[in-house]
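One-based numbering along the sequence shown. Note that this is a predicted model, so its numbers are computed, not measured.
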Amino acid sequence: ILCEQNDLANATSSASTKLIHGGLRYLEHYQFGLVRKSLAEREILLKMAPHIIHPMRFILPHNANMRPAWLLRVGLFLYDHLSKRVTLPGHKSLKLDTHIAGNVLINSNTIGFEYSDCRVDDSRLVIVNAMSAADNGAEILTRMRCSNLERKDGNWLATLVSSNNSNIRRSVRCRVVVNATGPWVSDFQKETMSGSSPLPIRLVKGSHIVIPKFYDHGHAYIFQRADNRIVFAIPFETDFTLIGTTEVGFSGDASRAGISDDEIEYLCDAVSDNFMTSVSRDDIQWSFSGVRPLIGDEGINPSKLSRDYELVWTGAGSKYPLFSVYGGKITTYRILAEQVVRSIYSEIGGTATSWPSKAALPGGDLQGLSFNQFEKHVGEKYPWLTAPLCRRYARTYGSKMEVLIGGALCVEDLGQHFGSGLYAAEVNYLVGYEWAQTAEDILWRRTKLGLRLNRDEVGVLRRWMGSADVKSKLNEDNVYSEDR
């Protein structure tokens with residue numbers, strides 16, 4: 001059973017820089033093991049979810065006042081060779097004054113470097129993993145909070161309470177509890193085991209802004225800053241650019257983390273200092289913040305803290321084992337999960353199987369087609385879909401877009417239009433298959449259409465979802481033949 005107190009990917013998991021990457025800057029802190037592990041996972045994940053993970057080329061302009069060019073070359077050579085690279089091309093040097101990426105830079109009279117990483121829709125990655133778990137027998141409970149854990153008759157007894165209605169309760173007996181609560185990991189550990197946390201945790205807030213697109217090519221940028229940090233500028237949702245991230249110490253309720261004025265100024269300056277386009281807070285279309293739980297003591301610069309994870313057993317060998325996940329980054333989630341499962345089987349007995357590295361996540365099975373071939377295929381199969389809508393469906397749902405579309409033969413068959421290409425058929429699919437319950441679940445985590453719908457359109461969607469029992473309607477109409 002997965003017990004999630006809010007919506008899936010409601011917190012840090014939807015507030016990343018949306019990259020599957022090795023972590024180029026981690027090399028500077030000698031975290032070679034983490035980079036090697038992350039680069040290997042990058043290749044695996046690209047094959048497992050080709051609809052939501054896509055290769056991207058990054059431009060790193062050389063700043064003579066920061067790191068010397070030879071050091072960047074050495075770092076990029078290691079980045080290319082620390083792990084076997086099959087899919088993505090290696091790095092190369094370039095002259096920015098003759099490259100398309102230099103056209104929008106203030107200082108293009110310098111050398112630059114181009115290298116590969118991947119972008120990802122982070123919240124959808126969480127959701128398709130939950131879908132895969134459900135397909136394999138797991139029960140996914142969203143908006144259910146674990147309010148109490150007690151030891152009883154050789155098992156844990158967990159009390160789960162609805163976040164929407166405290167009168168809805170459920171008791172669950174289990175042999176092992178996994179504490180994968182992110183920034184709340186120490187709090188949950190202390191409350192459950194009545195003791196101190198076995199590892200020191202630093203909570204560090206990272207914030208991002210989204211602004212209108214201001215260049216036309218598909219490259220991303222990585223800039224060195226005077227504080228020795230780096231900031232990315234990444235093409236986002238076709239018409240926007242994502243800028244991030246910051247690193248600020250945080251205390252308090254991680255669910256209420258928000259961008260500060262200082263962070264806004266820092267990110268706007270990062271754009272204005274490097275691009276010919278000047279950016280101010282008035283240009284911001286959206287901002288989001290997440291809290292990272294990093295392993296380390298107070299006083300250490302957050303940039304120097306490892307993004308790797310540690311797994312801690314409390315009560316191992318007893319009747320009441322608790323497994324806590326400290327730290328971690330989205331790129332290494334799969335190998336982390338595999339290690340947790342092996343440890344659980346070692347604790348309770350039995351044999352764990354490896355997570356097949358070629359097993360596609362829901363929507364990622366493209367029947368042997370490359371993603372570009374798949375996009376062309378669905379464009380020919382559904383010629384009545386507009387090109388932007390067909391492309392969005394392909395990049396959001398992959399092969400599952402066929403379930404969403406069902407028997408529709410024209411746009412009118414998709415039902416009510418809420419604006420910006422959001423139709424009732426998609427809403428029904430998200431409620432029936434992806435645990436969406438509110439307009440915000442749909443607009444900001446399962447899609448990013450919150451960037452496009454206006455206030456009146458959002459109001460219509462909220463009223464529609466609030467007045468209609470969508471789940472019952474799906475059951476009555478027998479829209480989907482698949483049985484979860």
Do [X] and [Y] have side-chain N/O donor and acceptor atoms under 3.5 Å apart?
| X | Y | result |
| --- | --- | --- |
| Asn164 | Ser162 | no |
| Gln367 | Asp365 | yes |
| Asp253 | Ser255 | yes |
| His21 | Thr331 | no |
| Thr142 | Glu4 | no |
| Thr314 | Gln189 | yes |

Note to self: Using a 6.0 Å cut-off, check whether atom CZ of Arg175 has over 12 heavy atoms from anything other than its own residue.
What the structure shows: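 No, because the 6.0 Å sphere around CZ of Arg175 holds 12 heavy atoms or fewer from other groups.
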Margin query: Taking NZ in Lys213 as the centre, count heavy atoms belonging to other residues, nucleotides or ligands within less than 6.0 Å. Is the count above 12?
Written below: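 Result for NZ/Lys213: enclosed.
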What's the shortest heavy-atom distance between [X] and [Y], and which atoms?
| X | Y | answer |
| --- | --- | --- |
| Lys448 | Asp121 | NZ-OD1, 3.7 Å |
| Tyr393 | Met401 | CB-CE, 3.6 Å |
| Cys118 | Leu88 | SG-CD1, 3.9 Å |
| Pro212 | Thr241 | O-OG1, 4.1 Å |
| Leu361 | Ser132 | CD2-CB, 4.2 Å |
| Cys146 | Ala158 | SG-CB, 4.4 Å |

Margin query: So, taking the atom named CG in Asn155 and the one named SG in Cys174, what distance separates them when rounded to the nearest 0.5 Å?
Written below: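 Answer for the CG-SG pair, Asn155 versus Cys174, is 7.5 Å.
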Item checked: Pair Tyr215 and Tyr221, ring centroids less than 6.0 Å apart ->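 Ring centroids of Tyr215 and Tyr221 are less than 6.0 Å from each other.
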Check: Out of Arg462, Arg446, Arg445, which one pairs with Glu440 under the salt bridge (Lys or Arg N to Asp or Glu O under 4.0 Å) rule?
Finding: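 It is Arg462, the one option of Arg462, Arg446, Arg445 that forms the salt bridge (Lys or Arg N to Asp or Glu O under 4.0 Å) with Glu440.
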Sidechain N-carboxylate O distance under 4.0 Å for [X], [Y]:
| X | Y | answer |
| --- | --- | --- |
| Arg392 | Glu426 | yes |
| Glu237 | Arg452 | no |
| Glu139 | Arg170 | yes |

Item checked: Any side-chain heavy-atom pair of Glu41 and Ser83 under 4.5 Å ->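 A side-chain contact is absent here, since even the closest heavy-atom pair is not under 4.5 Å.
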Note to self: Show, in sequence, the C-alpha distance, side-chain angles and deciding distance for His54 and Arg119, and conclude whether the side chain to side chain contact (heavy atoms under 4.5 Å, CB included) test is met.
What the structure shows: CA-CA 6 Å; His54 301 278; Arg119 61 181 173 184; 3.9 Å; yes
Notebook entry, point to check: Does the ring of Tyr26 carry Lys37 above it, NZ/CZ under 6.0 angstrom from centre and within 45° of its axis?
Noted result: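 No cation-pi geometry.
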Margin query: Suppose we screen for side chain to side chain donor-acceptor pair (under 3.5 Å). Which residues come up paired with Thr447, at least two apart in sequence or across chains?
Written below: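 Once residues adjacent in sequence are excluded, Thr447 has no partner under the side chain to side chain donor-acceptor pair (under 3.5 Å) criterion.
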Next item on the list: With sequence neighbours excluded, tell me which residues meet side chain to side chain donor-acceptor pair (under 3.5 Å) with Tyr115.
Entry: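 Counting only residues at least two positions away or on another chain, Tyr115 forms no side chain to side chain donor-acceptor pair (under 3.5 Å).
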Margin query: For Trp286 and Phe236, take the angle between the two ring planes, folded into 0 to 90°, and tell me which bin it lands in: parallel under 30, tilted 30 to 60, perpendicular over 60.
Written below: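 Parallel: the ring planes of Trp286 and Phe236 meet at under 30°.
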Check: Parallel, tilted or perpendicular: which describes the rings of His217 and His219, with under 30° parallel and over 60° perpendicular?
Finding: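 Taking His219 first and then His217, their aromatic rings stand perpendicular (interplane angle over 60°).
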Notebook entry, point to check: Which of these, Arg85, Arg57, Arg42, sits in a side chain to side chain donor-acceptor pair (under 3.5 Å) with Ser116?
Noted result: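 So the option named by the test is Arg57.
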Check: Between Leu461 and Leu422, is a side chain to side chain contact (heavy atoms under 4.5 Å, CB included) present by the stated rule, with each step listed?
Finding: CA-CA 10 Å; Leu461 176 61; Leu422 179 64; 3.9 Å; yes
Next item on the list: Taking side-chain contact (heavy atoms from CB on, under 4.5 Å) as the test, write out the residues that go with Thr159, two or more places apart.
Entry: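 Partners of Thr159 under the side-chain contact (heavy atoms from CB on, under 4.5 Å) test: Ser147, Asn148, Val161, Arg169.
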